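Following: one structure in structure tokens, then a few remarks.
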Amino acid sequence: MSESNEIHRYLKQTGELFGDELYIDPEIVTADDPGPALKSFYNQIKNCTQCSLGTTRDQFVFGVGDPNASLLLVGEAPGAEEDRLGEPFVGRAGKLLDKILAAIHRSREKDVYICNVMKCRPPNNRDPLSSEVMSCEPYLWRQIDLIRPGLIVALGRVAGTTLLKKENEALKNLRGKIHDYHGTPLIVTYHPAALLRNSNLKPAAWEDFQWIESILEGV
Ligand code: URA
């Protein structure tokens with residue numbers, strides 16, 4: 001999709017949220033601390049029914065972490081536990097993610113923000129449909145505008161291919177490169193659930209996270 005189409009989609013969606021007037025949140029313009037603006041954005045979108053997942057979800061899973069984070073982790077979509085608790089990565093994969101973050105001297109409260117491309121759980125954890133991604137991805141753009149991370153890390157092939165619009169690309173072709181996501185550097189690595197399924201992948205994931213830590217030292 002071209003940049004002008006994406007801008008059009010973003011404006012269409014803010015129009016649906018705020019009406020015909022161009023809405024500029026004063027907190028975005030003035031605040032050094034994006035926390036209040038993120039919270040206000042959450043309140044604006046938490047009852048979203050732009051796609052059918054709005055009717056099947058239990059909870060809207062906005063994101064969690066430090067609003068001033070230099071590292072933004074983006075997963076695919078909430079699973080059953082996340083849908084139940086309203087927080088991303090709280091199941092087994094999330095526990096592993098917490099350990100990985102501790103190993104790079106961070107936590108979900110400290111210099112990290114965690115969210116998903118999709119804010120609502122697709123039934124039976126199916127992959128999100130492209131129409132659902134089209135509706136939901138502008139929310140992520142707004143989160144990025146507010147948080148202004150130095151680096152985005154896409155967790156897993158689905159998050160990576162969805163964000164980079166490289167449908168059917170293998171994870172191995174996306175790893176090990178610094179991509180550009182709307183002006184912010186983006187790296188793709190393994191989803192922690194994949195590391196739970198196949199522990200042979202752990203050394204390569206650990207290399208990725210050491211690389212991520214070294215990049216963050218420079219941002
Ligand atoms: N998998 C994801 O991609 N996101 C979550 O929040 C949980 C599991």
Side-chain angles (χ1 to χ4, degrees), residues 38 41-42 45-46 48 51 53-54 56-67 69 71-102 106-110 112-130 132-144 147 149 151-172 174-175 179 181 186-199 201-202 204-205 208-209 212:
L38 259 186
F41 182 48
Y42 164 70
I45 64 172
K46 67 182 181 194
C48 178
C51 77
L53 302 184
T56 54
R57 69 164 177 249
D58 192 356
Q59 297 220 45
F60 184 88
V61 183
F62 181 74
V64 70
D66 178 356
L71 174 60
L72 176 66
L73 299 176
V74 183
E76 173 190 340
E81 275 297 274
E82 290 76 22
D83 184 46
R84 192 170 69 79
L85 297 172
E87 186 172 327
F89 286 96
V90 286
R92 275 184 71 224
K95 302 276 175 293
L96 177 58
L97 185 61
D98 287 340
K99 285 189 189 161
I100 295 171
L101 290 176
R106 284 173 172 76
S107 72
R108 57 177 73 207
E109 292 83 33
K110 187 177 153 211
V112 175
Y113 196 90
I114 307 176
C115 64
N116 286 299
V117 181
M118 300 300 302
K119 308 305 184 211
C120 299
R121 181 189 184 210
N124 305 315
N125 298 345
R126 64 158 167 76
D127 286 353
L129 306 176
S130 59
E132 293 163 349
V133 173
M134 288 259 289
S135 302
C136 214
E137 197 178 355
Y139 294 155
L140 176 65
W141 300 340
R142 185 80 181 276
Q143 287 175 303
I144 294 168
I147 298 167
L151 180 67
I152 299 171
V153 173
L155 296 169
R157 195 190 68 82
V158 176
T161 54
T162 306
L163 293 175
L164 296 170
K165 309 291 175 239
K166 292 191 175 189
E167 213 188 328
N168 301 326
E169 189 71 83
L171 181 67
K172 67 174 179 353
L174 299 174
R175 270 188 67 234
H179 307 267
Y181 183 70
L186 180 146
I187 283 174
V188 187
T189 187
Y190 297 101
H191 194 286
L195 305 178
L196 289 174
R197 283 193 300 270
N198 181 358
S199 59
L201 300 174
K202 283 185 179 171
D208 286 353
F209 275 92
I212 288 163

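Every number for a ligand or one of its atoms is a count from 1 in the order of the listing. All values derive from a computational prediction rather than experimental measurement.
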- Query: Between Phe62 and Phe41, how do the two ring planes meet: parallel, tilted or perpendicular, split at 30° and 60°?
  - Reply: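 Rings of Phe62 and Phe41: perpendicular, over 60°.
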Identify the closest protein heavy atom to [atom]: which residue and atom is it, and at what distance?
atom: atom 4 (N) of ligand 1; value: Asn116 OD1, 2.8 Å
atom: atom 1 (N) of ligand 1; value: His191 NE2, 3.1 Å
atom: atom 8 (C) of ligand 1; value: Phe89 CE2, 3.9 Å

- Query: Is the number of heavy atoms from other residues, nucleotides or ligands under 6.0 Å of Lys110 NZ greater than 12?
  - Reply: no
- Task: With heavy atoms of Gly75 as the reference, note each atom of ligand 1 found under 4.0 Å away.
- Result: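 Heavy-atom distances to Gly75 below 4.0 Å select 3 (O).
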- Could you list the atoms of ligand 1 found under 4.0 angstrom from a heavy atom of Pro88?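 In order of number, 6 (O).
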- Item | Ala77 to ligand 1, any heavy atom closer than 4.0 Å |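 Contact present.
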- Task: Output yes when the distance from some N or O of ligand 1 to some N or O of Glu76 is under 3.5 Å, and no in every other case.
- Result: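 It does: an N or O of Glu76 is found under 3.5 Å from an N or O of ligand 1.
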- Item | Shortest non-hydrogen contact from Pro88 toward Asn116 |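 Heavy atoms of Pro88 and Asn116 come nearest at CB-ND2, 3.7 Å.
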- Message: I need the minimum non-hydrogen distance between Ala80 and Asn125, along with the two atoms involved.
- Response: N-OD1, 4.2 Å
- Could you tell me whether the side chain of Gln143 and the main chain of Leu38 form a donor-acceptor pair under 3.5 Å? no
- Item | Asn168, Leu171, Leu174 screened by side-chain contact (heavy atoms from CB on, under 4.5 Å) with Thr161, the one that passes |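 That would be Leu174; it is the only one of Asn168, Leu171, Leu174 passing the side-chain contact (heavy atoms from CB on, under 4.5 Å) with Thr161.
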